[in-house]
Amino acid sequence: MLKVTLKTKKILVPIVSILAGFIVGAVIMLIWSYNPFQAYASMFSSALGNMNGIGETIREATPLIFTAIGFAIASTAGFFNIGLPGQAQAGWLSSIWVVLANPHMPKVILLPLAVLTGILAGALVAGVAGWLRAQFGTNEVITTIMINYIVLYSCQYLMQQVMPGQLRVDTDTTKTIAANGSLKIDWLSSTFGDSRINAGIFIALVAVFLYWYLMRKTTTGFEIRSVGTNAAASRYAGMSAKKNIMLSMLLSGGFAGLGGVVQGLGTYQNYFTQTTSLDIGWDGLSVALLGGGTAIGILLASLLFSILKIGGLGMQTIAGIPYEIVSIVIAAIIFFVAIQYVIGLLFKTKKAKAIQEQTEGTEKKSENVVVSSTKAQGGQN
């Protein structure tokens, strides 16, 4: 075992998990007679080798930041929010609907309105699971999974049966939104090789800062962390467990909904029928776990997942390696992150030793004080 500080250990464990995932992917490639060096070279070249690739990598990472923050907030409060896909989908459809229904509204009003609507939609979906947990102690894992399917088919029904026909191209796709409700910025897109990068990345960076400030610098964040650490002690200290359950789930759903907003108003510029739950929800969960729930960790982990996703396409087209290999690498990384306790056994922290040395030093100083006092009293006598 390597002796490291606790802070260093927290950094090394996810790094080792990532490397282990890449090694597993390389071994599988070798078994099927693929060249792993060529594969990974084509992956990073596609994702980071040109401005278009960098722009698409940032674009892919943007919604993952929001969904990861959403999961991290709920996780800090002691809940496992599996409803991120449904919350993101609700934010996506509602924001697109608002923009399509108000094509002539000024951008300075319409865009904030659409974004806020998406946030509220995500928060509302998560709030249902939060209310059930707070009032009846219902397991949030079960309710959020069920709500994912409810939202999936409800969105399909709303778009096909409720949304006015003039807002749709057909029953499965809406019209493209107008520029006054879009997150697309022409100069930003052209700078990054006409990629789909959009203003969502700026909102994401603000969201990362707000998440850090909320959880580390505010009373609300302290209460959420306290409830997640020890609910009984928090109640004894006068904190309302029910209030913090609801608050954490509303915040979690709001951030997840914002991820859906960026997908709609930024990446696709429309909404289309989803046949399964959104990937950004599940990937955001993985990003939060890999990033350890910290602000900077989430930012870095989202970029890694984006490199894997975008670069995986390059592996397929340049190196001729199936895209499924990328999925295996991602799954392997998540697996090693999930068993980070085992990986953590590779490192021995210096914390215990430091405390022991400090204690021994304190005891020695106390003995010296006693001896000095005794000598002084003896001299006086």
Side-chain angles (χ1 to χ4, degrees), residues 59-60 62-67 70 81-103 105 107 109-129 143-184 196 198-200 203-204 207 249-284:
R59 189 271 310 165
E60 182 75 19
T62 301
L64 301 185
I65 294 173
F66 295 116
T67 53
N81 182 8
I82 304 293
L84 300 170
Q87 294 149 23
Q89 187 173 356
W92 183 353
L93 176 61
S94 58
S95 61
I96 289 291
W97 199 327
V98 168
V99 173
L100 290 175
N102 301 277
M105 187 178 290
K107 186 169 187 173
I109 298 175
L110 180 58
L111 188 55
L113 177 63
V115 171
L116 181 60
T117 302
I119 294 173
L120 292 176
L124 177 62
V125 172
V128 173
T143 55
T144 50
I145 288 177
M146 295 172 64
I147 291 174
N148 277 339
Y149 289 100
I150 293 173
V151 173
L152 176 65
Y153 296 113
S154 295
C155 287
Q156 183 174 337
Y157 171 80
L158 288 171
M159 193 189 79
Q160 295 179 346
Q161 304 295 330
V162 179
M163 180 180 285
Q166 63 267 26
L167 303 183
R168 294 184 279 111
V169 175
D170 51 41
T171 57
D172 293 322
T173 309
T174 69
K175 290 183 177 179
T176 301
I177 60 174
N180 61 334
S182 174
L183 288 172
K184 183 179 179 180
R196 292 177 293 175
N198 55 76
I203 302 175
M249 288 299 288
L250 288 172
L251 288 172
S252 178
F255 276 105
L258 191 51
V261 170
V262 171
Q263 282 289 79
L265 304 184
T267 300
Y268 295 108
Q269 306 285 306
N270 69 350
Y271 180 85
F272 47 91
T273 298
Q274 304 297 309
T275 57
T276 186
S277 299
L278 298 184
D279 288 342
I280 60 172
W282 305 119
D283 290 342

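Under the 30°/60° scheme for interplanar angles, the aromatic rings of Y149 and Y153 are found to lie parallel.
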Checklist entry - How far apart are the C-alpha atoms of Y271 and L100, what are their side-chain angles, what is the distance that settles it, and do they pass the side-chain contact (heavy atoms from CB on, under 4.5 Å) test? => result CA-CA 10 Å; Y271 180 85; L100 290 175; over 6 Å; no

Item to check | side-chain contact (heavy atoms from CB on, under 4.5 Å) between I82 and W282, worked out | outcome: CA-CA 8 Å; I82 304 293; W282 305 119; 3.3 Å; yes

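Put simply, CD on E60 and OG1 on T267 are 8.0 Å apart, with the number rounded to the nearest 0.5 Å. For the atom pair CD (Q274) and CE (M159), the distance works out to 9.0 Å, reported to the nearest 0.5 Å. For the atom pair CG of L84 and OG of S277, the computed distance is 10.5 Å after rounding to the nearest 0.5 Å. Taking OG1 of T62 as the reference point, atom CG of L258 lies at 10.5 Å (rounded to 0.5 Å). Note that NZ of K175 and OG1 of T173 are 12.5 Å apart. Values are rounded to the nearest 0.5 Å. Atom CD of Q263 is separated from atom CG of L93 by 14.0 Å, given to the nearest 0.5 angstrom.
Closest approach of A121 to A90, counting heavy atoms only: CB-O, 3.7 Å. Closest heavy-atom contact between G118 and V261: CA-CG2, 3.5 Å. Looking at every heavy atom in both residues, A207 comes nearest to F255 through CB-CE2, 3.8 Å. The two residues V99 and I177 come nearest to each other via the heavy atoms CG1-CB, 3.7 Å. The heavy-atom pair separating A179 from K107 by the smallest distance is O-NZ, 3.4 Å.
Side-chain contact annotation: D172 with Q160, donor-acceptor N/O pair under 3.5 Å present.
At least one side-chain heavy atom of T117 sits under 4.5 Å from a side-chain heavy atom of L113. Side-chain contact between W97 and V162 is present, with at least one heavy-atom pair separated by less than 4.5 Å. Using a 4.5 Å heavy-atom cutoff, the side chains of N270 and T174 are in contact. Counting only heavy atoms from C-beta outward, the side chains of L265 and N198 never approach each other to under 4.5 Å.
No donor-acceptor distance shorter than 3.5 angstrom exists from the side chain of N81 to the backbone of M249, with no hydrogens or angles considered. Using a distance-only test at 3.5 Å, with no hydrogens or angles considered, a donor-acceptor pair links the side chain of N180 to the main chain of P103. Of the possible donor and acceptor atoms, one in the side chain of Q87 sits under 3.5 Å from a partner among the backbone N and O of G83. A donor-acceptor contact shorter than 3.5 Å links the side chain of T67 to the backbone of I280.
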